[in-house]
Amino acid sequence: MIGKLVVISGPSGTGKTSICNELLRRLPNGYWSVSATTRERRGDEVDGREYRYVTPEAFAEMVRRDELLEHAEYCGRQYGTPRKPVEDAIAAGKVVVMEIDVQGGAQIARRMPESIRIFVLPPTRETLEARLKGRRTESDAIQKRRLEQADGEIGFARQSGYYQFFITNDILEDSVDRVMEIIQQETQAV
Ligand code: 5GP
């Protein structure tokens, strides 16, 4: 396989993180892009594994130095993709997997049109609500905000044309099979 960038987006609570984890387990040459964020660490997350947790000042400095491939504000927090690790991994022939929001997906679509952009949908709005509520690490107010955000994101993803693929995450294994298929198809096509 040749180096490739795979963007996975979708509202929070769709299970896209599980898809990414399983993808990285299956891909022999997969590489996870660790984003920088100003949000607080959640549950058993580990600094440098799920995210690099940085101060707003440090984040602003990364932006100023043009060290981020893309960045966006999501629910009042900053998120961004450090550029160098991604570029190095692609150059080394890896399949880089990144989980970013739709604003970031739009920036990647414009800057790296050869990337694969996949949007993950919840089977129903009720499932999304239930999954967000089941995640007990966040307050009700944050959950409500994330649900409102989800509606906007789905609309944007559909209308913008930045995503070539939409998958409904009902059964995790099926979703991962589908993403693997897309990656294989796209990497062979070049
Ligand atoms: P969470 O706080 O639930 O981990 O992530 C919130 C949102 O930020 C999710 O939609 C996630 O995909 C997105 N996100 C995570 N890292 C990045 C990033 O580096 N850039 C952008 N644009 N969004 C990100």
Side-chain angles (χ1 to χ4, degrees), residues 5-21 23-24 31-56 58-63 65-87 89-90 96-112 115-122 128-129 131-158 160 162-163 165-167 169 175 179:
L5 178 56
V6 182
V7 173
I8 308 276
S9 300
S12 88
T14 43
K16 61 188 189 304
T17 307
S18 308
I19 295 180
C20 290
N21 288 339
L23 262 184
L24 288 158
Y31 177 90
W32 171 244
S33 161
V34 180
S35 298
T37 184
T38 62
R39 88 143 156 74
E40 44 294 331
R41 210 168 52 81
R42 203 158 60 199
D44 55 5
E45 290 177 348
V46 175
D47 188 23
R49 190 178 67 186
E50 282 84 0
Y51 285 106
R52 267 176 66 196
Y53 304 92
V54 300
T55 61
F59 194 95
E61 186 60 17
M62 292 168 101
V63 174
R65 293 183 188 207
D66 199 25
E67 289 173 3
L68 300 177
L69 196 54
E70 61 72 38
H71 62 97
E73 187 179 315
Y74 183 96
C75 290
R77 299 286 186 272
Q78 301 292 328
Y79 296 82
T81 305
R83 179 194 304 279
K84 183 130 191 342
V86 171
E87 288 178 348
I90 294 176
V96 177
V97 179
M98 61 174 66
E99 190 207 300
I100 62 175
D101 84 324
V102 290
Q103 305 168 73
Q107 293 170 47
I108 297 287
R110 290 194 297 264
R111 285 179 201 158
M112 304 174 89
S115 57
I116 304 172
R117 291 159 324 264
I118 302 172
F119 193 84
V120 182
L121 293 161
L128 185 65
E129 215 164 318
R131 282 187 193 164
L132 277 175
K133 291 223 169 85
R135 195 196 263 175
R136 295 183 185 284
T137 45
E138 289 157 337
S139 68
D140 287 356
I142 290 182
Q143 282 175 8
K144 187 165 174 286
R145 192 160 170 198
R146 283 179 178 252
L147 202 56
E148 285 163 6
Q149 184 85 16
D151 294 330
E153 279 178 85
I154 295 172
F156 176 82
R158 286 207 186 282
S160 65
Y162 288 131
Y163 290 85
F165 304 97
F166 287 81
I167 62 168
N169 186 29
S175 304
V179 177

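Ligands are counted one by one from 1 in listed order, and the atoms in each one are counted from 1 as well. Just so you know, these numbers use all the heavy atoms, side chains as well, and skip hydrogens, waters and symmetry mates.
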Have a look at ligand 1 and work out which part of [X], if any, has a heavy atom under 4.0 Å from it: side chain, backbone, both or neither.
| X | answer |
| --- | --- |
| R42 | side chain |
| E50 | neither |
| R39 | side chain |
| Y74 | side chain |

- line: Checking heavy-atom distances from atom 22 (N) of ligand 1 to each of L69, I100, D101, the winner is D101
- request: Counting heavy atoms only, name the option from E70, H71, M98 that's nearest to atom 18 (C) of ligand 1.
  value: E70
query: Is the backbone of T55 close enough, under 3.5 Å, to the side chain of T38 for a donor and an acceptor to pair up by distance?
result: no
message: Quick check against the 3.5 Å criterion: does K16 have a side-chain atom that pairs as donor or acceptor with the backbone of V120?
response: no
query: Taking it one step at a time, do K144 and E148 satisfy salt bridge (Lys or Arg N to Asp or Glu O under 4.0 Å)?
result: CA-CA 6 Å; K144 187 165 174 286; E148 285 163 6; 3.1 Å; yes
Assess the side chains of [X] and [Y]: does a donor N or O sit below 3.5 Å from an acceptor N or O?
| X | Y | result |
| --- | --- | --- |
| S175 | N169 | yes |
| E153 | S9 | no |
| Y162 | R110 | yes |

If the cut-off is 4.0 Å to any non-hydrogen atom of [X], which atoms of ligand 1 fall inside it?
| X | result |
| --- | --- |
| R146 | 1 (P), 2 (O), 3 (O), 6 (C) |
| A72 | 22 (N) |
| G104 | 22 (N) |
| E99 | 11 (C), 12 (O), 14 (N), 15 (C), 16 (N), 17 (C), 24 (C) |
| Y51 | 1 (P), 4 (O), 5 (O), 15 (C), 16 (N) |

- prompt: Could R65 and E61 be called an ion pair, given the rule that one side-chain N must be under 4.0 Å from one carboxylate O?
  reply: yes
query: Any N or O on S12 sitting closer than 3.5 Å to an N or O of ligand 1?
result: no
task: Using distance alone, decide if ligand 1 has a nitrogen or oxygen within less than 3.5 Å of any nitrogen or oxygen in G80.
output: yes
Worked check of side chain to side chain contact (heavy atoms under 4.5 Å, CB included) between I8 and M98: CA-CA 6 Å; I8 308 276; M98 61 174 66; over 6 Å; no
task: Looking only at protein heavy atoms, identify the closest one to atom 9 (C) of ligand 1 and say how far it is in Å.
output: K16 NZ, 4.0 Å
Residue, atom name and distance, where the atom is the protein heavy atom closest to atom 19 (O) of ligand 1: S35 OG, 2.7 Å
task: To the nearest 0.5 Å, tell me how far E73 CD sits from D101 CG.
output: 10.5 Å
task: Kindly assign one of parallel, tilted or perpendicular to the pair F119 and F166, based on the angle between their ring planes and the thresholds 30° and 60°.
output: tilted
